[in-house]
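For reference, the structure discussed in these notes is given below.
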Amino acid sequence: MKSLDSLNPVQKEAVLNTDGPVMILAGAGSGKTKTLVTRITYLLDAKNVSPHQLLALTFSNKAAKEMRERISHEVAMDIGSLQITTFHAFCAKLLRSEANYLGLSRNFTIYDEGESKAIAKSLLERRGISTKEINPYEILAYIDGLKNNGYYPGRDMPGGDGPETTDMFFGYFEEYESELHRANALDFGGLITAVIQLFEKFPEVASRYQNRYVYVLVDEYQDTNRAQFELIKILCEKRRNICVVGDEDQSIYSWRGADIRNILDFEKVFPDVKVLKLEQNYRSSKTIIEAASCVIEKNTLRKGKHMWTENPEGDAIDVVECFNDKDEAEFIAQETARLYKAGTPYKEMAVFYRSNAQARQIEDALRKYKIQYRVIGGVKFYERKEIKDMLSYLRLVINSKDSLALSRIINVPARGVGATSLRKLEVEAMNNNTSLWDIIEKIVDHSADYTHIKLSAKIKSSLSEFVTLINELRHLDQNKIKPSTIYEKVLHESGYYAFLKANKDYETLARLENLDELLNAITQFEESAEVPTLSGFLETITLDSSSDFDEAAKLIDGEISLMTVHGAKGLEFTHAFVVGAEENVFPSYRSVDGGEIAMEEERRLFYVAMTRAMIKLYITFAQGRMLFGQVKFNGPSRFIDEIPEKLFTWKKLKGHQEDRYDHSFTPGYQKNFDPYDQSQESHYDNEEVVYQIKETASAPLKSFHQPKFPKGASVVHSLYGAGKVEDSEGSGADEKVQIKFADGARKKFMVKFAPIVLA
DNA sequence: CACCGTTAAGTTTTT
DNA sequence: CTTAACGGTG
């Protein structure tokens with residue numbers, strides 16, 4: 001077991017207070033995970049609690065994975081039955097074994113946001129309302145709101161604050177729910193509310209779980225919504241050994257339903273709670289901690305902690321005033337290069353921005369200086385079209401009622417079943433109160449009974465072929481044939497592979513590569529899962545976006561990390577750049593006139609960003625920034641003003657003509673800042689001019705990956721023969737080239753896929 | 001259908 | 001400016 005000696009007194013208390021309700025408020029970098037891991041190993045080793053009786057719930061798969069790994073290192077016993085899992089995966093598993101109570105079947109499908117949106121759209125369509133009159137997201141937001149609060153149809157809400165049946169969208173909610181039920185599907189929110197419903201309607205079921213889980217632990221508690229809180233409450237009713245760990249100052253997902261009141265009001269629900277505050281920070285310099293504390297202390301919606309550290313004083317924070325967004329990006333590139341030369345590896349540096357759009361300028365500048373970087377977040381692997389198509393086939397195999405999956409792939413590749421035919425089938429299914437699959441199967445088997453649906457012989461025969469294929473696949477799945485085998489059969493026998501192969505552009509190459517990666521993922525799953533079923537794989541895919549198979553989260557040597565502040569939570573870097581620290585950018589314009597509650601969340605975001613830095617923090621802003629096609633002068637972020645002046649140095653970038661812009665300011669955005677007002681120039685006494693932008697800054701400081709096939713190189717393609725590189729773009733995995741072949745043909749390739757070699 | 005031009009809007013995204 | 005989504009046309 002991890003020794004208690006390595007813990008500080010509060011951490012030790014957090015481990016030893018095993019019985020009764022405990023709330024641990026763990027500041028940034030306070031050794032939270034270490035404490036949690038020790039607590040669990042202590043329960044297992046010293047208190048002889050069986051792993052079976054323990055439940056640890058986290059929010060992200062990443063957190064669950066990390067905790068599980070660390071625990072398995074610490075304890076000798078087999079922790080196979082120890083449940084460290086996400087809320088959603090926990091609920092999904094529970095529901096699969098208790099599905100019959102709620103009239104679900106255990107092979108239910110989990111719908112993601114895209115699929116929920118598709119349902120909302122079809123509900124609108126059904127009523128003849130265009131998506132311009134009502135945005136489907138409005139409906140989804142309403143539905144999501146209800147579910148986040150723990151509402152399920154017919155529930156008698158505690159506190160009586162359920163929805164009104166007269167609500168504008170209540171009808172949509174009911175219809176949406178019955179659509180899901182018809183498809184034997186649940187959405188993310190529904191996973192949680194279904195368990196609440198199960199527990200409330202069947203106390204004997206609840207009781208089984210209440211008895212089993214003697215100790216329950218919840219990580220990232222600040223991110224739980226009310227539904228999750230109620231779930232925990234029921235689960236812990238009997239044993240009352242509930243330990244929640246969180247930091248109200250890092251609650252940055254309220255817009256996703258996280259309810260900060262779960263922390264603030266915990267004591268009202270559990271009056272005998274022991275509250276412990278982990279306030280010693282082991283990550284950052286004194287300067288950074290003090291600055292971040294001063295900012296966050298402006299918030300009122302908090303319990304209050306005071307972070308401190310024994311770490312060295314450290315450097316002052318650099319607040320860097322740039323002329324415009326381009327200069328800001330240029331500064332990042334030059335400064336990171338300078339740090340690198342001075343001995344800081346690139347993987348220790350990170351750039352945090354408020355919104356994804358800001359990444360582009362910075363990427364451009366880094367590319368210009370040939371600095372390798374990695375953008376964390378972005379397009380999800382499983383959201384790509386070809387992946388969704390293939391997954392839809394597999395989902396249909398598992399759950400025949402999944403009409404959404406069916407309608408997605410019924411005509412991919414083209415089978416002559418276009419929108420009109422599909423529409424007819426859907427109407428018929430609706431009239432017969434059955435699923436799309438069911439009706440198609442009936443038409444194929446008993447064609448004579450369905451002459452009223454006008455379908456051509458060609459369509460009928462391709463439907464028949466389709467039904468045969470899916471049924472064969474189902475048969476394979478029932479006979480426990482490996483998912484990867486089933487996948488390969490779908491890919492080829494559906495005609496999807498041939499259909500893709502038909503075009504030869506380089507986008508297709510990427511798609512084929514993605515399909516290979518999907519196979520890879522399935523194979524990997526087969527190796528790691530105890531019982532590698534197809535349905536298990538599909539669940540993992542839906543509930544674990546981090547299974548972006550390129551391991552996006554892994555920090556690679558020689559690469560700077562670029563990410564949103566949201567994406568930065570939980571990470572740390574020796575050198576961090578918080579960029580775009582301007583009013584209307586950070587804080588976001590949405591929050592600037594969105595009231596105090598919204599502003600407090602922005603402040604928490606800023607706090608999260610600051611506390612990622614260990615040694616040196618840079619905060620940059622631009623006088624003028626290109627936004628929505630025009631230059632806006634927003635002025636520095638109010639959060640900069642909240643940092644005591646003694647903790648930062650105000651540095652102004654020089655090297656530009658002051659009159660590049662005319663003096664037309666953006667009305668309404670000016671605030672108190674005027675970049676041309678001399679009287680405001682020395683608002684900060686310690687202002688100094690330090691960084692000098694070099695206009696001819698094109699000399700690369702270090703070229704990591706030169707293009708493999710530079711312009712002018714002679715190459716040989718295994719298919720097209722000899723040619724010359726006409727154009728080359730990017731390097732490493734992103735390198736793209738345009739080649740002119742001997743026969744005069746020009747083609748573009750992604751180097752990582754194309755079979756080309758230097759001649 | 002697939003393509004193209006128009007239009008409107010423009011945060012954050014653990015599951 | 002940029003992008004996504006819609007609706008009209010070939």
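Sequence lines set the chain letters: A, B, ... in the order given, protein chains first and strands last, and positions in each chain run from 1.
Under the 30°/60° scheme for interplanar angles, the aromatic rings of A:F586 and A:F606 are found to stand perpendicular. Between A:F188 and A:H88, the two ring planes are perpendicular [angle over 60°; tilted spans 30° to 60°]. Ring orientation note: the planes of A:F229 and A:F266 are nearly perpendicular, at an angle over 60° on the 30°/60° scale. The aromatic rings of A:F173 and A:Y151 are tilted relative to each other, their planes meeting at an angle between 30° and 60°.
In this structure, the ring of A:F499 has its center less than 6.0 angstrom from the ring center of A:Y496.
Salt-bridge annotation for A:E572 and A:R612: absent, with no side-chain N of the basic residue lying under 4.0 Å from a carboxylate O of the acidic one. With respect to the salt-bridge test (charged N to carboxylate O, under 4.0 angstrom), the residues A:R226 and A:D259 do not qualify.
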Report task. Take nucleotides 5-10 of chain C nucleotide by nucleotide from the 5' end and write B, S or -, depending on whether a protein heavy atom sits under 4.0 Å from the base, only from the sugar-phosphate, or from neither. Result -> -S----

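As rounded to the nearest Å, B:dT11 and C:dC6 have C1' atoms that lie 24 Å from one another.
As judged by a 4.0 angstrom heavy-atom cut-off over every strand, A:D187 is placed among residues making no nucleic acid contact. Contact annotation for A:S591: base contact, defined as any heavy-atom pair under 4.0 Å involving a base atom.
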Would you list the protein and nucleotides 3-5 of chain B atom pairs, both N or O, that sit under 3.5 Å from each other?
none

Please list, pair by pair, any protein nitrogen or oxygen found under 3.5 Å from a nitrogen or oxygen in nucleotides 12-14 of chain B.
from	atom 1	to	atom 2	distance (Å)
B:dT12	OP1	A:N356	N	2.7
B:dT12	OP1	A:N356	ND2	3.3
B:dT12	O4'	A:R354	NH1	3.1
B:dT12	O2	A:W255	NE1	3.3
B:dT12	O2	A:R354	NH2	3.2
B:dT13	OP1	A:T564	OG1	2.5
B:dT13	OP2	A:N356	ND2	3.3
B:dT13	O2	A:R256	NE	2.5
B:dT13	O2	A:R256	NH2	3.0
B:dT14	OP2	A:K380	NZ	2.4

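Remark: the backbone N or O of A:I110 is not paired with any side-chain donor or acceptor of A:E539 at under 3.5 angstrom.
Here B:dA9 presents its P atom at 16 Å from CD of A:Q630, a figure rounded to the nearest Å. Here B:dT15 presents its P atom at 18 Å from NZ of A:K147, a figure rounded to the nearest Å. Per the geometry, CG belonging to A:L57 stands 13 Å off C1' belonging to B:dT15, to the nearest Å. In this structure, CG of A:D325 is placed 12 Å from P of C:dT2, rounded to the nearest angstrom. Here the C1' atom of nucleotide C:dC1 and the CD atom of A:Q361 are 11 Å apart, to the nearest Å. One can place NZ of A:K632 at 13 Å from P of C:dC1, the figure rounded to the nearest angstrom. The separation between A:R360 atom CZ and C:dT3 atom C1' is 10 Å, rounded to whole Å.
Place A:R590 and A:G418 on DNA chain B by their nearest nucleotides, and A:G418 ends up nearer the 5' end.
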